[in-house]
Trainee: 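Please see the structure below; I have some questions.
Position 1 is the first residue of the sequence; numbering continues from there. The figures here come from the full heavy-atom set of this structure, side chains too, leaving out hydrogens, waters and symmetry mates.
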Amino acid sequence: MFDPVPHWKALQRNWRMQCIAALLLPIALVWVLGDWDGAWETGAMPIFIGGLLSIFLSLWRFRPYKHALIEAEGMGQTEAAEEAWARLHHSQLLGLVTGKIPGWIGALHYVATGEMVPLVLLVLATQGILLLYRPPSAWVK
């Protein structure tokens, strides 16, 4: 019989690790660069707008994740559930990686301009997006 509990725990562990990684890159960047003057001040607005538009790219990945989550939960403990869980893991990973894009663009913005506020806003947007891909903990027994 198929046991879904290790898969739920793996989904939760992957989500936690991706959230921590999305926070550590900007913190390390600010710590290493410190008081940065910026290399390309005229690119501030286009980079920030690109970061905001990348939010929609990452939200586009949510629908396949939601459908894979419903399918994997509906399979229960049948033997055919293994393929559904593989699709769920794949969908979550793609969603988490695309969810981190606004934070990465925020880091690029910080390198280009040295401004902290857009970096913080884009990292907070990233964390909000990553919350969408958090597996429900109530299903782990």
Side-chain angles (χ1 to χ4, degrees), residues 1-78 80-141:
M1 183 163 274
F2 179 76
D3 187 20
V5 174
H7 289 282
W8 284 118
K9 290 183 180 185
L11 286 174
Q12 289 174 341
R13 183 179 58 247
N14 291 341
W15 176 77
R16 284 187 202 112
M17 289 183 346
Q18 294 291 332
C19 286
I20 290 169
L23 284 174
L24 287 181
L25 173 70
I27 290 171
L29 183 70
V30 170
W31 183 65
V32 167
L33 292 180
D35 191 18
W36 180 254
D37 290 333
W40 186 41
E41 295 291 329
T42 58
M45 216 41 177
I47 295 173
F48 184 69
I49 290 171
L52 289 178
L53 291 176
S54 69
I55 292 172
F56 296 109
L57 174 69
S58 56
L59 290 177
W60 172 70
R61 294 290 321 153
F62 183 67
R63 175 175 262 172
Y65 169 72
K66 180 179 68 171
H67 289 303
L69 184 65
I70 292 169
E71 180 185 3
E73 180 195 10
M75 289 282 188
Q77 296 182 350
T78 63
E82 187 72 35
E83 187 176 319
W85 281 101
R87 276 193 301 277
L88 177 60
H89 284 286
H90 181 71
S91 295
Q92 185 199 35
L93 183 62
L94 283 177
L96 290 172
V97 169
T98 57
K100 291 193 296 186
I101 291 174
W104 293 340
I105 293 175
L108 175 68
H109 187 278
Y110 183 75
V111 169
T113 64
E115 297 174 1
M116 182 73 71
V117 174
L119 173 65
V120 170
L121 290 174
L122 289 173
V123 167
L124 287 176
T126 293
Q127 292 299 315
I129 292 167
L130 294 183
L131 275 175
L132 291 174
Y133 295 98
R134 181 176 175 240
S137 59
W139 291 338
V140 177
K141 301 195 177 21

Trainee: According to the side chain to side chain donor-acceptor pair (under 3.5 Å) rule, which pairs have a member within residues 16-30, sequence neighbours left out?
Mentor: Gln18-Lys100

Trainee: What is the minimum heavy-atom distance between Gly34 and Tyr110, and which atoms define it?
Mentor: O-OH, 2.6 Å

Trainee: Specify the closest pair of heavy atoms between Pro102 and Gly99, including all atoms of both residues, with the distance to one decimal.
Mentor: CD-O, 3.3 Å

Trainee: Please identify each residue that fulfils side-chain contact (heavy atoms from CB on, under 4.5 Å) with Arg13, with sequence neighbours left out.
Mentor: Ala10, Met17

Trainee: Can you name the residues that form a side chain to side chain donor-acceptor pair (under 3.5 Å) with Trp60, not counting sequence neighbours?
Mentor: none

Trainee: How many angstroms lie between atom CD of Gln92 and atom CZ of Phe62, to the nearest 0.5 angstrom?
Mentor: 11.5 Å

Trainee: State which residue, out of Leu11, Leu93, Ile70, fulfils the side chain to side chain contact (heavy atoms under 4.5 Å, CB included) condition with Leu88.
Mentor: Leu11

Trainee: Enumerate the residue pairs fulfilling side chain to side chain donor-acceptor pair (under 3.5 Å) with a member in residues 37-53, sequence neighbours excluded, ordered by first and then second residue.
Mentor: Trp40-Thr42

Trainee: By side chain to side chain donor-acceptor pair (under 3.5 Å), which residues pair with His90, not counting sequence neighbours?
Mentor: none

Trainee: Can you tell me which residue pairs pass the salt bridge (Lys or Arg N to Asp or Glu O under 4.0 Å) test with a partner in residues 82-93, sequence neighbours excluded?
Mentor: Glu71-Arg87, Glu83-Arg87

Trainee: Can you give each donor-acceptor pair under 3.5 Å made by side-chain atoms of residues 114-130, sequence neighbours left out, with the distance rounded to 0.1 Å?
Mentor:
residue, atom, partner, partner atom, Å
Thr126, OG1, Gly103, N, 2.7
Thr126, OG1, Leu122, O, 3.0
Gln127, NE2, Cys19, O, 3.4

Trainee: From Trp15 CH2 over to Leu132 CG, what is the distance, rounded to the nearest 0.5 angstrom?
Mentor: 10.5 Å

Trainee: Restricting to side chain to side chain donor-acceptor pair (under 3.5 Å), what partner residues turn up for Thr113, sequence neighbours left out?
Mentor: His109

Trainee: Just how far is it from atom CG of Leu53 to atom OG of Ser58, taken to the nearest 0.5 Å?
Mentor: 11.0 Å

Trainee: CD1 of Ile20 to CD1 of Ile27: how many Å apart, nearest 0.5 Å?
Mentor: 10.5 Å

Trainee: Please enumerate all residues that pass ring pair (Phe, Tyr, Trp, His ring centres under 6.0 Å) together with Phe48, with sequence neighbours excluded.
Mentor: none

Trainee: Measure the acute angle between the ring planes of His7 and His89, then classify it against the limits of 30° and 60° as parallel, tilted or perpendicular.
Mentor: tilted

Trainee: Over all heavy atoms of both residues, which pair between Pro4 and Trp85 is shortest? Give the atoms and the distance, please.
Mentor: CB-CZ2, 3.5 Å

Trainee: Nearest 0.5 Å, what's the OH-CZ distance between Tyr133 and Arg61?
Mentor: 7.0 Å

Trainee: Over all heavy atoms of both residues, which pair between Pro64 and Ser91 is shortest? Give the atoms and the distance, please.
Mentor: O-OG, 3.9 Å

Trainee: Any chance you could measure Trp104, atom CH2, to Leu29, atom CG, to the nearest 0.5 Å?
Mentor: 14.0 Å

